[in-house]
Amino acid sequence: MPSGEYDPDTVEAKWQDRWVDEETYAYEGDAENPDTAFSIDSPPPTVSGSLHWGHVYGFTLQDFVARFNRMRGKDVYFPFGYDDNGIASERLAEDELDVRHQDYERREFQRMTQEVCAEYEAAFTEKMQSLGISIDWNQTYQTISPEVRRISQLSFIDLYEQGREYRQRAPAIWCPECETAISQVETEDDEQPSHFHDIAFEVVGEADADDPEQFTISTTRPELLPACVAVFVHPDDDGNQDLVGETARVPLFDQEVPILADERVDMETGSGIVMCCTFGDQTDIEWYQAHDLDLRIAIDESGTLTDVAGEYEGLSSADAREAIVEDLDEAGALLDRWGITHTVNVHERCGTGVEFLVKDQWYVELLDKREEYLQAGREMDWYPEKMYTRYKNWIEGLQWDWAISRQRSSGIPFPVWYCADCDEPVLADKETLPVDPLSDDPPVDACPECGHTAFVPEDDVLDTWATSSLTPLINAGWDWDAAHEEFRFEHPELYQFDLRPQGHDIISFWLFHTVVKCYEHTGEVPFDSVMINGMVLDENREKMSKSKGNIVAPDEVVSKYPVDAARYWAAGSAVGDDLPYSEKGLRAGEKLLRKLWNASKLVESLTEDAPAEFDHDDLAALDRWLLASLDREIERLTARFESREFSKARDGLRGFFWHTFCDDYLEIAKQRVRDGGDPSAAYTLSVAHRRFLKLFSPILAHATEELWHDMYGDDSVHQSGWPEPLGIDADFEAGETAMEAVGALRKYKSDAKLSMNADLDRVEVWGDVSGFEDDISSVMHVDELVILDERPPIETVVTGVDLDYSLVGPEFGSQVSEIEAVIDDDAYERVGDELHVAGVELDSEMFEIQEEQQYTGAGEMVDAEDVVVIVHRD
RNA sequence: GGGCUCGUGGUCUAGUGGUUAUGACGCUUCCCUUACAAGGAAGAGACCGGUGGUUCGAAUCCGCCCGAGCCCA
């Protein structure tokens, strides 16, 4: 029985424990029909740190959907994954243990990483449970686990066999700190201080050898001089056009390179003449390919200069830069040097400036199927719909296939060996997966191409996204069925997944890659619907970041406010819009919890003798009205949950509960029960209250559970079923009119500075409140309530005319302003139903006469829309 | 620099061509009415980021500008 004040600290922790212990949210799994299963595929959070607001917000929104569908009778599959096979987790282990992955054997380092991750994963589990997310904790997976490794390697083999993957020697973005190739999406821009150097190049020619022609190139990277393979001039650069076709000699290194014209030169920067090095940046790669240039690799995997750099070999690129600048200066080739700040492409994980290296890399082919992938995106329902545009723009802007090779210790190995002689790739047998080529043998004794018997294992691992993009397959138990020689699902009823929830920041890579891979493996789009949430911003609508120092930790907030209040806050904006963190939002949630708790206490005290059954035909008018109004609210609310309009769902239900139920109905019902044990009112209170708990339960998961157990039984409210409308008819108009009359009397008392329970001697009502007379007089303490048969003596004064512009506008167009002016001057004429004004005739649909009523009889009249209330006091 | 999105009382939010712009939080005044004063009643407060246009009529549609967010260069 609810008593005293609501104590969220105790209550919430209690239910979080019991939900887990009693497996309240376990997937039954006996659903044969995919329509009765509701499956959710959340992107597993990266195990690299602690929980942030993005997690809280995203998972809470998913939880609304999960709980709503569970209530609607769906068997909800809500699993949880830990993404611990990526570079992020590897770096976490390096930081925690203060080690470098290069210093350990791969399996040893993986073991260390998994140990570190285990602690973080346990913390994650606890946090998710303390947020009350209705995850089925029997259904968890780690992306580094053997099961997932198997699926990931199966995926690689399947795509290879389908001809969707290829291996190519190509320039790759390389992080010299992490010593791995990374994809474009793993880089970010960073503003860094640097220097511009003006360096003199000589033109090689027949001119006077003592006084050769010179020109200047500007560069921030003089250490790349040994990698210089060409010099470019813009075709519109008239001043330097004479150089095109000549040959230049690179200072210090003396290689001779062609001078070429290309419009990709930025004429505004430096001298307008630029050197091309293999490779300094993206443009160098394009020039290398377009002009068939030499390849001079001056920087290796670790950022150290190679033998191409001659005497500078072995220096780090930073040391080499200083040495080369010094030597240039000495040789008189350094013309100028000045500090600048410029944007550098860095690896997002470590902040190190990236290099470009030519490496053998595996790619997943994407560019040839753009149209199909666009179509796949269109087949999903997008919440909100506008987010599809981002998916579309991303695909239309794709320029590269997907590089999936990574040179790291941690991660899932490619199940591939190469013939030591002819380089033919040999893939593992599907039955033997997962394998690690470094320690396992290839499935053949001799190369099927050339018969050679020695093999080289692939020591790269797969890009973390190559695995993260398989979560629908992981969740549905995708595997190779050797007996039937086909891929099968352990849980086919889960696929396609009903809901894919995620932030809008990862549409372009995570969602896109998931759609692509699952589509290629199954021929089906993996998701029925995607729900895209916005970002959590700080209270000033700005991004939370360490450098701004505006981060609010979820832990602190949840220890200060009820989790249900945070859930209330999370429902506070349209899905897809960014949501500012707001303590006010949390306090509003707390207030609602308190209101719900207190109202429940009252209902409890009033319904002790409530009949379990009551013939709906015998219900009092007010009770019929309340239950019928609740029916309408249920229909609205259901539609809003279905369309993921959580903010409207929350505000609509809150308003109805607070105002209609508590302020209007409960105030009256409590008197009826107290005065005479009214069974109709007690029954209605009990029915309505049960329904409110169910309706609030997806959002206020803990408080409703506590109240449900206190008052109604041992089952979980979350398994109790969503209420269907009762189908009760009521006189809505009379009910609304009666409430208006009550409102008018409240206003009267407030204006007269009377307390709400002050007695009123006599009140006259003109309006249809039939069936509600006693309700009005009891709640407003009216001694004598009289329903007037005749309109009270009211003098009606016409104060103006309201036009229905949706009719008048299209009909009269530009005459409207004239009509308005004439009406303002009262120069119109009422002829029957019509209004004659400014030479035109408006029919009765088009206007409404605005009137004010002045009461001329005894007593005081109170203003109201559809009812006239007259108060008599002695 | 490009694409997409958002910009509504002090704060958050509803509202995608039609009268006087929704609600919440906060604020002011009154009321201790035995569920709740962390409550109730009443009230003040926004010409809808700026600007130009389309229209009889624009928060709503279009152009430009400003601020914020995400992605990309």
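Computed from a predicted model, the values in this text were never measured in an experiment. Reminder, nothing fancy here: chain letters follow the sequence lines and each chain counts from 1.
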When the distance from CG of A:L579 to P of B:G7 is rounded to whole Å, what number comes out? 14 Å

If we take the P atom in both B:G23 and B:C64, what is their distance in whole Å? 36 Å

Determine the Euclidean distance between corresponding C1' atoms of B:G3 and B:G43; express it in Å to zero decimal places. 47 Å

Figure out the NZ/C1' separation between A:K386 and B:U5, and round it to whole Å. 6 Å

Of the listed nucleotides (B:G69, B:C71, B:G15), which one gets closest to any side-chain atom of A:D505? B:C71

Taking the minimum atom-to-atom distance to the side chain of A:N393, which one of B:A14, B:C25, B:C4 wins? B:C4

Suppose you measure atom C1' in B:A59 against the same atom in B:U19; what distance do you get, rounded to whole Å? 16 Å

Would you measure the distance from the C1' atom in B:C47 across to the matching atom in B:U51 and give it in whole Å? 16 Å

Given the C1' atoms of B:C27 and B:G45, what is the spacing between them in whole Å? 9 Å

Please state whether the rings of A:W53 and A:Y581 are parallel, tilted or perpendicular, taking 30° and 60° as the class boundaries. tilted

Atom CZ of A:R636 and atom P of B:A14: how far apart are they, to the nearest Å? 18 Å

Scanning all shown strands, the Watson-Crick or wobble mate of B:A14 with both distances under 3.5 Å is none

How are the rings of A:F646 and A:F641 set relative to one another: parallel (under 30°), tilted (30 to 60°) or perpendicular (over 60°)? tilted

Could you let me know what B:C4 is paired to, Watson-Crick or G-U wobble, both distances under 3.5 Å, or none if it's on its own? B:G69

Please state whether the rings of A:Y6 and A:W597 are parallel, tilted or perpendicular, taking 30° and 60° as the class boundaries. tilted

Given the side-chain rings of A:F656 and A:F661, with only the six-membered ring counted for Trp, is the space between their centroids under 6.0 Å? no

A:D281: which residues meet the salt bridge (charged side-chain N to carboxylate O under 4.0 Å, His left out) condition with it, sequence neighbours left out? none

When the nearest nucleotide of RNA chain B is assigned to A:P580 and to A:F812 on a heavy-atom basis, which residue is associated with the more 5' position? A:P580

Applying a 4.0 Å non-hydrogen cut-off, can you work out what A:G809 is touching in the nucleic acid: base, sugar-phosphate, or nothing? base

Rounded C1' spacing from B:G26 to B:G67 in Å: 25 Å

For nucleotides B:U28 and B:C66, find the distance between their P atoms and express it as a whole number of Å. 40 Å

If we call it a pair only when both distances are under 3.5 Å in a Watson-Crick or G-U wobble match, what pairs with B:G43? B:C27

Looking only at the aromatic ring of each residue, does the gap between the centers of A:W394 and A:F509 stay below 6.0 angstrom? no

So what's B:U60 paired with, Watson-Crick or G-U wobble, going by both distances under 3.5 Å? none

Separation of atom CH2 in A:W569 from atom P in B:U13, rounded to whole Å: 11 Å

Using heavy atoms to find the nearest nucleotide of RNA chain B for A:Y568 and A:R390 separately, return the residue whose nucleotide is more 5′. A:Y568

Output one letter per nucleotide in nucleotides 29-41 of chain B: B when a protein non-hydrogen atom lies under 4.0 Å from the base, S when only the sugar-phosphate is that close, - when neither is. -SS-S-BB-BSSB

Rounded to whole angstroms, how far apart are NZ on A:K392 and C1' on B:C70? 18 Å

Report which part of the nucleic acid A:S582 touches: base, sugar-phosphate, or nothing (heavy-atom distance under 4.0 Å, all strands). nothing

Is the A:H689 ring parallel, tilted or perpendicular to the A:Y712 ring (thresholds 30°, 60°)? tilted

Considering just the side-chain nitrogens and oxygens of A:R640, establish if one lies under 4.0 Å of OP1 or OP2 belonging to B:A14. no

Base, sugar-phosphate, or nothing for A:G813, non-hydrogen atoms under 4.0 angstrom? base

Could I get a table of every N or O pair under 3.5 Å where one atom is in the protein and the other is in nucleotides 58-64 of chain B?
none

Identify whether NZ of Lys or CZ of Arg in A:R587 sits under 6.0 Å from the centre of the six-membered ring of A:Y561 and within 45° of that ring's axis. no

Interatomic distance where CG belongs to A:L537 and C1' belongs to B:U5 [whole Å]: 12 Å

Using atom P in both nucleotides, what's the gap between B:U22 and B:A42 to the nearest angstrom? 15 Å

Mind checking A:S817 for me? I need base, sugar-phosphate or nothing, with any heavy atom below 4.0 Å counting as a touch. nothing

Are OP1 or OP2 of B:G10 and a side-chain N or O of A:K584 less than 4.0 angstrom apart? no

Does the plane of the ring in A:W569 sit parallel, tilted or perpendicular to the ring in A:Y57? Use 30° and 60° as the thresholds. tilted

Send over the distance from A:F657 CZ to B:A24 C1', rounded to a whole Å. 16 Å

Using whole Å, report how far CG of A:L803 lies from P of B:C56. 17 Å

How about A:F696 and A:F657: are their ring centres within less than 6.0 Å of each other? yes

Will you find, in the side chains of A:W287 and A:D262, an N or O donor that is under 3.5 Å from an N or O acceptor? yes

Rounded to the nearest 0.5 angstrom, the NE2-CD distance for A:H702 and A:E12 is 5.0 Å

